[in-house]
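Shown next, in C-alpha cells, is the structure this report addresses.
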2 protein chains.
Amino acid sequence: MVSSGGRVPATLESVAAAAGVSRATASRVLTGSPRVSEAARDKVLAAASSLAYVPNAAARSLVTRRSDTVAFVVCEPEEKFFSDPFFATVLKGAHRIVAAHSLQLVFVVVATDEDRDQLERFAAGGHLDAAMFVSLHGSEDMPARLDALGLPVVMAGRSLDPGAAGLPVVDVDNAQGAGVATRRLVERGCRRIGTISGPTDMAGSMDRLDGWREAMAAAGRTPHEDDVVTGDYTVEGGHEAMVTLLDRGPEVDGVFCANDLMAAGALRAIADRGLSVPDDVAVVGFDDIPVALATQPPLTTVHQPIEELGRRMAQSLVTSLVAGEPAPQHVRLHTHLVVRGSA
Amino acid sequence: MVSSGGRVPATLESVAAAAGVSRATASRVLTGSPRVSEAARDKVLAAASSLAYVPNAAARSLVTRRSDTVAFVVCEPEEKFFSDPFFATVLKGAHRIVAAHSLQLVFVVVATDEDRDQLERFAAGGHLDAAMFVSLHGSEDMPARLDALGLPVVMAGRSLDPGAAGLPVVDVDNAQGAGVATRRLVERGCRRIGTISGPTDMAGSMDRLDGWREAMAAAGRTPHEDDVVTGDYTVEGGHEAMVTLLDRGPEVDGVFCANDLMAAGALRAIADRGLSVPDDVAVVGFDDIPVALATQPPLTTVHQPIEELGRRMAQSLVTSLVAGEPAPQHVRLHTHLVVRGSA
DNA sequence: CTGTTAGCGCCTTCAC
DNA sequence: GTGAAGGCGCTAACAG
C-alpha cells in the first residue's frame, strides 16, 4: 500500500534489497520455484507486497520468450459478423478460460492482405503465444501461416483452406443440426420446403445445406434448385432471400434458415406478404441467439452451445500452451432443436 | 523470403551485420530516425527484408517503456452485455482506429474485485498504454484507478463514480434522445405513456429516464410512478417489464424503452396480450441495432452512432498517446429518431 | 552521419 | 538453499 499513486516502479532488485536477499532468490520466490527456504520466501513476499511490486512484463517476456498472450482473430472480409451476437458470445467464452489462466486476449481483425501480413509479423515478433480463429471464409490461410510459425492454433469450424487440414477444430455437427431442423418441417406436414443458406465460402454453411439436402432426400423429397437461396447471415439478407423464395414458389410452406438473423428477416418478409407463421409458412432457424425470443412468433431453432464453443477453443490452446500436450484435433459439440412458435 | 519457416529469429544484430553497419544505425533506420544516409538506409532495409527481420516486441518495450497496447475494458457484473450487438459494434469501431495506429487491442472483462486488482497490476506491469471503458455500472472505480497510474483513459458514457469526475467521456445526449422518442409518442396521440428504463446504476439509463420525465412534463403530462418500470436491457427483461406495465395500467398506449432489446421483449408481451402495435400500444426503442429491423412491426427507435462511439473513444486515447495532446474532455455524438412501424 | 557504450528488468545456469 | 554473473534484443545518449 506504500506506493499507491507510486512514482517508483519497484523492481525485482528493490524487492530483493528490501527482503535482504539476492535478486536470484527473490526471482525464485516470485516464480514459484521450490528450492527456496520458508524464511526467504516470507521475507520476499512481504517486501513485494509492501512495495506493491509488479513484475515487468516486457523484461520477463524478453527472457522467457513467451508473451502470455493469445489472439482472438476474426477473419471478416465483409464485417457483417459483428452485428451477430454469436460473435460476442464466443468471445466471452474464450475470454473466460483465457483469463482463468492469466493469459491476455488480444483482439484482431483480419480483412485485407495487409492485415494478414501484419498479423504474421505480430506473431513472429513474439507478441503471440497462440491464436484462435473465428468466421473463416474461403481459403483463409492465416491459421496455416501461424501454425507454420510454430504457434498453437484452433479454428471455430473447418476452414476451406487445404493448408489448414489437420489443424485443431471446434465445431458442431452442422449437417446433423440442419437435418433435425428440416425433419421438423417435414413432420409438421410442410409440402414444399426451401432453405436459406449461408455464404457459400464458409464450411459451416455448406454443411448445413448438405444437412437439409440429406434430410429432404431421406423424406423422399426431391427439392428443386429454386428452393435454395443463398443468404449472408444478416437480417436484411434473410429478408431478401425469403422474398426471392416466395417469388419463385408461392407454395413454399416451410423454410430452414442457416442462422437466426436470416430467419428473423425471413419472418418479416413473410409477414409483409400477409402470410402467417407458422400456419402458412413454418420457419426454423439455427444458433438460438436472443433474437430468437424477440421475433414474432418466437423462433423454433437449432440451439448450439456458442459460449462453450469459445471456451473449448481457448481450452485447446491452453492445453498445448500450459500443459504442453497436443491439442485435441477435433472437438464436436452437440446441438438440439428448441421448439418455439415458428415451426 | 529466405527464412519462411525460418528457425532463425533474425535480430537487429544480424541485420546490422548483413548490412555492414552498426546496430545503432540499423536501429535508426528501422525506427525511422532522420539522421541516416540514403546508402545506409537502403542497405539496412534490404538486409532486414531478406532476413525477414521482425523487431522483438518485448525488447523494444523494455527500453521504450511503452507496450503499444490499449485495453478495451468491459465492466460487466451481470454479463448480459455480451448478447447486445451494441457491444460488438463499439468494439469494432475502437479496433479500427487502434489498428490504424498499429496499436493492439486487448480485451478485458472486469466482473469481480479480483479482476479489478488483476487489471490494475496488469497496467502497472507495463502491459497497457491506455484503456477505454464500456458498460460502467454503479461506482466502478477502475477508470479512476488506471488514471491514477498515469494512463490515458476514456469512458463510454459517464460513470457514477465520483472519482471518475473529470475523466474523458464519449457519449450521446441520452436525455435529449429520450425526449425525442417520448415526443413522438405524445404527437401520435398516446394518452398514457409509460417507460421501461435501464438499470438504475447506469448513468445513461438515468439520463434517458430523465429525458422521458422532462418530455412528459413539457407536454403537460404528470406521469404516475406506476408507468415507470425498471428493466435490465435484455429481451426477457423488456418482456417482463411490459407485462408489469400492462398489469398496472391496461390503458397504457405508448411506451418508451431505454434500448431496442427491451423494446423487442415489450413487443412480444403486447402481442401475447392480443394487442396490436402501434394501434393499441405504440413503442419506441433506443439504439437502432439490427434487431430493430427484425421485430414485428419493425422498431421506431432513437438511432445512436454506435460504431462511431467506439472510434471516438479510441481516437481520444490515440490523441493523448501518439500526439501527446490532452484528450477532449467530453465528446458528445448526435442521435436521431428513425421512424419505422412501431410508433 | 555513424559507431561505442550502457543499460531497460528479469530469469537462469553456474558455483558456492 | 543462495549469490554472482551473464545476456535476452533493443534504444538512447555520448562521442567522434
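Reminder, nothing fancy here: chain letters follow the sequence lines and each chain counts from 1.
Rounded to whole Å, the distance from CG on B:L12 to P on D:dT11 is 6 Å. Spacing between atom CG of B:D68 and atom C1' of D:dT11 amounts to 14 Å, rounded to whole angstrom units. Rounded to whole Å, atom P of D:dG9 lies 14 Å from atom CG of B:L51. Note: CD (A:E13) to P (D:dG6) measures 15 Å, nearest angstrom. Protein atom CG of B:N56 is 13 Å distant from nucleotide atom C1' of D:dG7, rounded to whole Å. The interatomic distance linking B:R66 (CZ) with C:dG9 (P) rounds to 17 Å, in whole Å.
Nearest nucleotide to the side chain of B:R60, out of C:dG3, C:dC10, D:dT11: D:dT11. Comparing C:dT12, D:dG3, D:dT11 by their closest approach to the side chain of A:S22 singles out D:dG3. Distance from the side chain of A:T31 is smallest to C:dC11 among C:dT4, D:dG9, C:dC11. Among the nucleotides C:dC10, D:dA4, C:dT2, the one closest to any side-chain atom of B:V36 is C:dT2.
Relative ring orientation between A:F72 and A:F107 is described as parallel, the plane-to-plane angle staying below 30° on a 0-90° scale split at 30° and 60°.
Of the two residues near DNA chain C, B:R41 and A:L30, the one whose nearest nucleotide lies more 5' is B:R41. In this structure, B:L62 and B:S37 both approach DNA chain C, and ranking their closest nucleotides by distance from the 5' end singles out B:S37.
Each of A:V21, A:T25, A:V44 was scored for a side-chain contact (heavy atoms from CB on, under 4.5 Å) with A:V36, with one residue passing: A:T25.
B:S61 comes within 4.0 angstrom of nothing in the nucleic acid, heavy atoms only. Here B:A58 lies out of heavy-atom contact (under 4.0 Å) with every strand.
Checked by distance alone, A:R28 brings a side-chain donor or acceptor within 3.5 Å of a matching partner on the base of D:dG3. A donor and an acceptor atom never sit less than 3.5 Å apart when one is taken from the side chain of B:R23 and the other from the base of C:dT4.
The residues B:R116 and B:E120 are annotated as not salt-bridged, no charged nitrogen and carboxylate oxygen being separated by less than 4.0 angstrom.
A:L12 and A:S27 make their closest contact through CD2-CB, 3.7 Å (heavy atoms, listed as atom of the first residue, atom of the second, distance).
The closest side-chain donor-acceptor pair between A:H101 and A:D68, if any, does not fall under 3.5 angstrom.
Residue A:T25 places none of its side-chain N or O atoms closer than 4.0 Å to OP1 or OP2 of D:dT2. Distances shorter than 4.0 Å separate some side-chain N or O of A:S27 from OP1 or OP2 on C:dC11.
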